[in-house]
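Any value given below was found using the heavy atoms of this structure, including those in side chains, with hydrogens, waters and symmetry copies removed. In what follows, every chain begins at residue 1, and chains take the letters A, B, ... in the order their sequences are listed. No experiment lies behind these values; they were computed from the predicted model shown.
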Amino acid sequence: MTLQLKSSDFNDDASRVARRLIGAILLVDGVGGRIVETEAYDRDDPASHCFGGRTSRNQAMFGPPGCAYVYRSYGIHWCLNFVCREQGHGAGVLIRALEPLYGLDVIRERRDGRPLRELCSGPGRVGQALAIHRDYNGHPLDRPPFEVWAAEAPLPVSVGPRIGISKAVETPWRFGLTGSGFLSKPFREGAKTGPSPKP
DNA sequence: CCTAGGATTAGCT
DNA sequence: GCTAATCCTAGGC
């Protein structure tokens with residue numbers, strides 16, 4: 001944990017940011033862990049909340065890069081995204097899963113004592129574990145309560161289609177730490193890219 | 001104004 | 001595998 005990401009690190013294509021975030025450490029009030037799964041969403045992407053332009057819900061995604069975009073999912077869950085690209089573009093990275101490492105007691109309590117594997121393995125679970133809520137919408141990620149620390153070494157990253165969407169279902173903008181036991185779902189075999197572990 | 005449906009999860013069959 | 005839970009936005013009239 002040596003390099004804290006700043007807003008300029010997010011001024012890039014969402015897919016590149018999404019891949020680069022695998023292995024990074026995300027903390028909210030000191031609680032969190034290693035990011036093991038992300039998805040990219042862009043403006044000209046029918047699956048994105050930004051598709052069709054600016055609305056009251058998605059306005060944070062059109063704000064400065066390196067801020068949070070928080071949305072309510074299925075009326076139940078709060079999901080966390082990192083805003084990407086230049087201000088006004090409309091792009092983001094959904095944080096889909098963490099390997100919980102910091103503040104485990106707090107996380108377990110918020111997650112009702114569920115098993116370790118189920119604490120942060122899904123976007124709604126991440127939201128609950130880190131106590132994400134609407135007041136964080138638009139909040140800069142390089143200021144408290146957020147901290148995002150860069151991954152320290154190149155890691156094996158799996159790539160595949162995004163989950164739970166009905167449009168652009170084939171776009172391979174889901175990224176995951178290869179072999180992690182904390183993914184929301186496994187990746188198809190052979191969906192690897194970047195450095196891979198020796199067989 | 002009205003309402004369909006969603007970047008999900010947990011619990012049950 | 002199936003589906004209820006639950007809110008609120010976005011889009012239609």
Side-chain angles (χ1 to χ4, degrees), chain A residues 10 13-22 24 26 28 33 35-63 65 67-85 89-100 107-139 141 157-177 181-188 191:
Chain A
F10 296 92
D13 284 341
S15 57
R16 278 206 292 269
V17 174
R19 178 185 300 237
R20 200 185 312 137
L21 281 170
I22 297 301
L26 165 64
V28 179
I35 297 172
V36 298
E37 185 181 337
T38 59
E39 282 177 359
Y41 290 88
D42 199 5
R43 179 181 55 191
D44 300 320
D45 166 12
S48 172
H49 292 167
C50 287
F51 190 70
R54 197 171 187 139
T55 67
S56 57
R57 172 171 72 154
N58 66 24
Q59 57 177 330
M61 280 239 260
F62 290 90
C67 290
Y69 162 55
V70 175
Y71 72 94
R72 191 86 153 136
S73 177
Y74 289 88
I76 304 169
H77 307 103
W78 294 105
C79 296
L80 174 66
N81 294 251
F82 295 170
V83 176
C84 298
R85 283 291 209 117
H89 180 89
V93 172
L94 173 66
I95 307 302
R96 285 195 55 92
L98 304 181
E99 177 182 347
I107 292 177
R108 268 194 276 262
E109 192 176 327
R110 289 173 179 163
R111 292 281 300 131
D112 202 26
R114 291 207 145 56
L116 184 63
R117 294 300 177 70
E118 300 175 17
L119 292 178
C120 303
S121 54
R125 292 168 170 179
V126 170
Q128 189 177 19
L130 273 52
I132 299 301
H133 52 84
R134 61 173 31 171
D135 294 347
Y136 291 148
N137 194 34
H139 193 95
L141 298 166
V157 174
S158 298
V159 181
R162 294 170 293 182
I163 292 178
I165 55 175
S166 56
K167 297 162 191 164
V169 294
E170 297 301 322
T171 304
W173 279 358
R174 175 180 178 232
F175 303 91
L177 179 60
F182 297 92
L183 301 172
S184 67
K185 281 187 177 181
F187 283 79
R188 243 196 72 187

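- Applying the Watson-Crick and G-U wobble criteria (two distances, each under 3.5 Å), dA7(B) pairs with nothing in any strand.
- Remark: R114(A) is in phosphate contact with dA10(B), judged by side-chain N or O atoms under 4.0 Å from OP1 or OP2.
- Atom pair Q128(A):CD and dT9(B):P shows a separation of 10 Å (rounding to whole Å applied).
- The side chain of H77(A) sits closest to dT9(B) out of dA5(C), dT9(B), dC8(C).
- For the pair N81(A) CG and dT8(B) C1', the interatomic distance rounds to 14 Å; values are reported in whole Å.
- Remark: ring of Y74(A) does not overlap the six-membered base ring of dA5(C) in a stacked fashion, as centroids less than 5.5 Å apart with planes less than 30° apart are not both met.
- Note on R111(A): only backbone sugar-phosphate atoms sit closer than 4.0 angstrom, heavy atoms only; bases stay farther off.
- The side chain of R72(A) lies closest to dC7(C) when the candidates are dT8(B), dC7(C), dA7(B).
- In this structure, CZ on R174(A) lies 4.0 Å from CD on E37(A), to the nearest 0.5 angstrom.
- Side-chain N/O atoms of R57(A) include none lying less than 4.0 angstrom from OP1 or OP2 on dG6(B).
- Not one side-chain nitrogen or oxygen of R125(A) sits closer than 4.0 Å to the OP1 or OP2 atom of dA7(B).
- With rounding to the nearest 0.5 angstrom, the OG atom of S121(A) is 12.0 Å from the NZ atom of K185(A).
- Contact check, H49(A) against dA7(B): a side-chain N or O comes under 4.0 Å of OP1 or OP2.
- Taking the C1' atoms as reference points, dT3(C) lies 15 Å from dG5(B), given to the whole Å.
- The CG atom of L26(A) sits 9.5 Å away from the SG atom of C120(A) when rounded to the nearest 0.5 Å.
- Pairing of dT6(C), defined by two Watson-Crick or G-U wobble distances under 3.5 Å, is not identified with any nucleotide.
- Side-chain nitrogen and oxygen atoms of R96(A) include at least one within less than 4.0 Å of the OP1 or OP2 phosphate oxygen of dT8(B).
- Considering only side-chain atoms of I165(A), the nucleotide from dT6(C), dA7(B), dT9(B) that sits closest is dA7(B).
- Separating the CZ atom in R125(A) from the CG atom in L130(A) is a distance of 14.5 Å, to the nearest 0.5 Å.
- Judged by closest nucleotide on DNA chain B, S166(A) is the one of D112(A) and S166(A) placed further toward the 5' end.
- Between I107(A) and P100(A), the closest heavy-atom pair is CD1-CB, 4.1 Å.
- Remark on DNA chain B: of its neighbouring residues G164(A) and E118(A), the 5'-side contact belongs to G164(A), judged by nearest-heavy-atom nucleotide.
- One finds a side-chain N or O of S56(A) lying less than 4.0 angstrom from the OP1 or OP2 phosphate oxygen of dA10(C).
- As a whole-Å value, the separation of I163(A) CD1 from dT9(B) C1' is 13 Å.
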